[in-house]
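Written below as structure tokens is the structure these notes are about.
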Amino acid sequence: MTATTTNFHRARLVSALLVGTMLGGLAQPALAQQAAAAPATPAPVPAASEPAALAPARELGVIKSVNVAGSERLEPDTVRSYVKLAPGETYTREALDQALKDLYETELFADVQVRDDGSGNITLQVRENPVVNRIVLEGNKRLKSDKINPEIKLAPRQIFTRSKVRADVNRIIELYRRQGRFAATVEPKMVQLDQNRVDIIFEIHEGDKSKVRKINIIGNEKFSDGRLRGEMATKQTGITKIFSSGTSYDPDRMSYDQQKLRQYYLTQGYADFRVVSAVAELTPDKKDFIITYVVEEGQRYKFGDVDLESDIRDIKASTFKYLLPMHKGDWYNAKLVEDTVDSITEATGVFGFTPDVRPDFNRDKDELTMGVVFKINQSPRVYVERIDINGNTHTKDKVVRREFRLSEGDAFNSFKVKRSRDRIQSLGFFQDKFEVEQKPGSAPDRVVLEANVEEKSTGELQVSAGYSSLERFIVDLSIRERNFMGKGQELRAGVSYSTYSKSIELGFTEPYVFDKNIAVGVDLFRRDYNSFSFSGNDRNTTYEQTTTGFQIRAGVPLTEFITLATRYGLSYDKVALNKFTYYTDTDNDGVRDSCDPIIAGRYLCDAIGNRLTSSVGYSLVFDNLNNRIRPSRGQRAVFSQDFAGLGGKVRYIKSSVQATKYWGLGGGFIFSAGAEGGYIKGLGQDIRLVDRFYLGEPDMRGFGIRGVGPRVIRRFIDPQTGQFAETSNNNLTTDDALGGNTYYKGRLELEIPLGNGARELGLRPSIFMDVGAVFGVKKPALTAPENAGYPFLKDENGNYIPVIRNQLDSQGRQIYIVAAGQDNAGFTTLCAVGYSDSAKKPCVGGVPGVTNDKATNSISPFREDFVGDSAKPRLSVGFGVNWNSPFGPFRIDVAKALLKERGDNTKLFTFNVGTQF
């Protein structure tokens, strides 16, 4: 008698592997709380037909031999080892049936037959499963092959089995579900090759992302659905959420949202709140989900008695009671309790303690109060056994290790661990979300600190061209390495060119000289700057400033958070005016020899000259920011003074103070407040125009460049009224900012988080308020009718007469106009007699006794007003967006000036492209 299976015949080379292996969609619309949606369970597909049931067991005889037929790769002894049949033993039909099952369970065979010739000779006829030649993925566009292949366990040169294919299909489906594509289907197919080999093809139909169409909340009475949805990471689809990645369905995010709901209610005093159920239903079209939460709010509690107790002898509870922000009668807030535990742990950690701070709760359900006693308990002393640093392939080990506030063998201190994390993260060499992991050591009182870093690029090569409302056309070439040779050193070089400024700078900083915590740096620079004023919408260059010099810097920490920075600088300034524009031949000797105050203004004529500045300065810096590059918590305060007068011609003392504080408000919101101010005092001399403080774009948004503070406005005659134009008439006025000796400025800003999609694009929007003023400059000598020396006379009709100046070329030579009656009449020339089109050619063609007319310039009558020297605050509000675009950083601001003074220049819209901000 022979027990056989039905052969698995294939009519085509390419065919579906098995009915029911194709997986897709979801079998059930409802998902239980905290359970991910699951695809329909495929119907079990037999590898081959099962043998018919045998008659009641009876012995068929004694086995004489067990033969194997059809095996190619497997040895016959290997095949025989899978069955419990051996020569000399009796056998039954059940034994033959079991042998058949045992062979199939190995998943090595596509077909098996067990034959009995009736004489005890058993033949195992097998057909081996094929060998996988290659794995092919088709149709995967949203999920790349390098993401899918590691999840596929079937590999080339392995034995093909249907169970492995089913498992791989399930894993691919799971990958797509994690991306929110619950409509994805995978159909496995195989292509038969020679030598019993096959190619496995997974045909993937990705489908669209499954969005969250609606979030329903049942049972909430105290808070609206919209308010609670705002606390969730999952968002409903809508036009306002086009940049949000939270609109796709994710079971893990759904579980996280339940925690967020509970956290929110606990911060509002609802200590008994719970989520009764959470169900996600897939819409019939399998495109969207509808999520429904059933909640039970419970009663609202208030704080009862709040106290602090200490079981540690050297820690007095009364010393730290100021850290308890809650009071009896306040609404209960679980987040406040957690923050208080952290604050007490951190505060005691500053003094070298590592206590175990635990809150004990006393709930009174009748009075609806929650009493809290914070207990500072003595925790077992734990020591740092070892500090491991992993992942730093470029950065030298000591660069990371020197930022640790703990050393091997020190007593463990959670505050110092947190501080070490912040310092390492502030280096800017590693991933943003860096943590120092704590692992058990070789003994219960030992701990291993492990810093698993992921290095990121620290070199920056920027070649950019752009346009900004401040600099007009910009070309910028810079190279910077913040971790030079992996030693933490900074090396930089840059060249910048724009319409109004040019610069070249070189710099080097060594943060740890001779492995000591002393930073030293040097900067070399050359800067050319053209100041300008506005006449209408046109810019007119006023003075030109060229500065060449160097600065040597050194810094040493005084405490963990306080650093003393010192510096010495030597620079040579050359301030000049364009002679062709602002110089005239005032004594009619044919030489452009002096600055004309009627054209330039006395204040600009007084500013020109060459001066050497030798200055020494220092700064006291307090800094406990959690991240110096993009902080979200902490504060930074700087007090600086610079003294100029160690040689050179410039003497002054300049003092300034700056302070900024950041608060992480949760949910990605970051609020910051900043204030600064400064004062400069001349030592036996007036403060130069170029040394004063200026305020405006981009520091004071809502105002133009140097748009705040003292200035001289030159008002010309309005031909329509015959009077001097009003200050607001930009077409008939020019405006020169003078700066001030004193300034102050404040800022409030809230950075608003966006979804992961916008965050990946580098978009960071914010709303802000700026306030400030600059003032305290000596009133300059003005050109005005009521002042002595007013140059404009009146005619017989009482109208002011323009001032006439000889017109000279750029070399100071008189320009003439060829007199009438001669060749080239009306042409300009440098010849007093005759004509020449070049200064290098002789004058020819003159008529005896006829001289050319001197060319002249007419200066229209004007008056100057000194305005804006006021300490009254200027105020602006607005919003802006930072964007780390592919072509360089981009900043756009829209701000409205709410408070301003006469003469201030306002500006609603500003942007910068291709330059750092």
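Excluded from the calculations below are hydrogen atoms, water molecules and symmetry mates; all remaining heavy atoms, backbone and side chain alike, are included. This is a predicted model, so every value here is computed, not measured.
Remark: Arg480 engages Glu490 in a salt bridge, criterion side-chain N to carboxylate O under 4.0 Å. The residues Asp904 and Arg902 are annotated as not salt-bridged, no charged nitrogen and carboxylate oxygen being separated by less than 4.0 angstrom. Electrostatic pairing of Asp865 and Arg715 counts as a salt bridge here, judged by a charged N lying under 4.0 Å from a carboxylate O. Of the charged side-chain nitrogens involved, at least one lies within less than 4.0 Å of a carboxylate oxygen, so that Asp422 and Arg633 count as a salt-bridged pair. Between Asp573 and Arg688, at least one side-chain nitrogen of the basic residue sits less than 4.0 Å from a carboxylate oxygen of the acidic one, meeting the salt-bridge criterion. With respect to the salt-bridge test (charged N to carboxylate O, under 4.0 angstrom), the residues Arg492 and Asp523 qualify. A salt bridge is absent between Arg706 and Glu697: the closest approach of a Lys/Arg side-chain nitrogen to an acidic carboxylate oxygen does not fall below 4.0 angstrom. Using a cutoff of 4.0 Å between basic side-chain nitrogens and carboxylate oxygens, Asp770 and Arg747 are not scored as salt-bridged. Salt-bridge annotation for Glu901 and Arg874: absent, with no side-chain N of the basic residue lying under 4.0 Å from a carboxylate O of the acidic one.
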Gln641 vs Ser655, side-chain hydrogen bond (donor to acceptor under 3.5 Å, both in side chains): CA-CA, chis, key distance, verdict: CA-CA 4 Å; Gln641 282 192 315; Ser655 303; 2.8 Å; yes
Apply side-chain contact (heavy atoms from CB on, under 4.5 Å) to the pair Val877 and Phe768, showing each step before the final yes or no. CA-CA 6 Å; Val877 296; Phe768 56 82; over 6 Å; no
Output, in order, the C-alpha distance, side-chain angles, deciding distance and verdict of side-chain contact (heavy atoms from CB on, under 4.5 Å) for Leu898 and Lys896. CA-CA 6 Å; Leu898 301 181; Lys896 174 68 174 176; 3.9 Å; yes
Run the numbers on Asp718 and Phe724 for side-chain contact (heavy atoms from CB on, under 4.5 Å), then give the verdict. CA-CA 6 Å; Asp718 187 340; Phe724 293 111; over 6 Å; no
For a side-chain contact (heavy atoms from CB on, under 4.5 Å) check, start with the C-alpha distance between Phe862 and Ile717, then their side-chain angles and the critical distance, and finish with the verdict. CA-CA 6 Å; Phe862 63 85; Ile717 295 291; over 6 Å; no
How far apart are the C-alpha atoms of Arg714 and Asp735, what are their side-chain angles, what is the distance that settles it, and do they pass the salt bridge (charged side-chain N to carboxylate O under 4.0 Å, His left out) test? CA-CA 7 Å; Arg714 180 172 287 191; Asp735 181 344; over 6 Å; no
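Remark: the Tyr743 side chain and the Glu676 side chain contain an N/O donor-acceptor pair separated by less than 3.5 Å. Looking only at atom types and distance, the side chain of Arg553 has a donor-acceptor partner in the side chain of Thr509 under 3.5 Å away. No side-chain N or O of Glu751 forms a donor-acceptor pair with one of Ser766 less than 3.5 Å apart. Ser632 and Asn626 share a donor-acceptor pair across their side chains, judged by distance under 3.5 Å alone.
Residue Leu782 holds its CG atom at 11.5 Å from CD1 of Ile713, rounded to the nearest 0.5 Å. A distance of 6.5 Å separates CG of Leu620 from CG of Leu558, quoted to the nearest 0.5 Å. From Ser876, atom OG reaches atom CG of Leu899 across 9.5 Å, with rounding to the nearest 0.5 Å. How far CG of Leu625 is from CZ of Phe561: 10.5 Å, rounded to the nearest 0.5 Å. Rounded to the nearest 0.5 Å, atoms CG (Asp736) and CG (Leu738) are 7.0 Å apart. Atoms NZ and CG, from Lys661 and Asn624 in turn, are 7.0 Å apart once rounded to the nearest 0.5 Å.
Counted within 6.0 Å of CD on Glu726, heavy atoms from surrounding residues, nucleotides or ligands total 12 or fewer; the atom is thus considered open. The number of heavy atoms from other shown groups lying within 6.0 Å of CD (Glu786) is above 12. Few gaps surround NZ on Lys654; more than 12 heavy atoms of other groups in view lie less than 6.0 Å from it. Annotation: Lys649, atom NZ; neighbour count of heavy atoms from other residues, nucleotides and ligands within 6.0 Å does not exceed 12.
Considering only heavy atoms from C-beta on, Phe639 stays 4.5 Å or farther from Ser619 through its side chain. When side chains are defined from C-beta on, Met769 counts as touching Leu875, because their heavy atoms get closer than 4.5 Å. Residues Ile892 and Phe909 form a side-chain contact, since some pair of their non-hydrogen atoms from C-beta on lies under 4.5 Å apart. Residues Ile504 and Phe525 fail the side-chain proximity criterion, which asks for heavy atoms closer than 4.5 Å. Looking at heavy atoms from C-beta onward, Tyr572 lies in side-chain contact with Asn610 at the 4.5 angstrom threshold. Side-chain atoms of Ser571 and Arg611, non-hydrogen and from C-beta on, never get closer than 4.5 Å to each other. Counting heavy atoms from C-beta outward, Tyr568 and Ser614 have side chains that approach closer than 4.5 Å. Between Pro861 and Ile801, the closest side-chain pair of non-hydrogen atoms is not below 4.5 Å.
Between Tyr744 and Phe775, the ring planes lie perpendicular to each other; the angle is over 60°, past the 30° to 60° tilted range.
For Asp869 against Pro710, the heavy-atom pair with the smallest separation is OD1-CG, 3.6 Å. Closest approach of Arg863 and Ala784 over heavy atoms only: NH2-CB, 4.0 Å. Summarising the geometry of Tyr694 relative to Arg692, their closest heavy-atom pair is CD1-O, 3.5 Å, with the distance given to 0.1 Å. Annotation for Arg651 and Gly645: closest pair CG-CA, 3.8 Å, computed over non-hydrogen atoms. Taking both residues in full, the closest heavy atoms of Leu695 and Lys745 are given as CD1-CD, 3.6 Å, listed atom of the first, atom of the second, then distance. Contact detail for Ser640 and Arg567: the closest heavy-atom pair is CB-NH2, 3.7 Å.
Side-chain atoms of Thr563 never come within 3.5 Å of backbone atoms of Val621 as a donor-acceptor pair (strictly under, hydrogens ignored). For the pair Arg526 (side chain) and Glu505 (backbone), a donor-acceptor distance under 3.5 Å is absent. Side-chain atoms of Asn797 do not come within 3.5 Å of backbone N or O of Asn799 as any donor-acceptor pair.
The cationic group of Arg636 does not satisfy the cation-pi geometry with Phe622, failing either the under 6.0 Å distance to the six-membered ring centre or the 45° limit from the ring axis.
Ring to ring, Tyr800 and Phe792 are not that close: their centroids are 6.0 angstrom or more apart.
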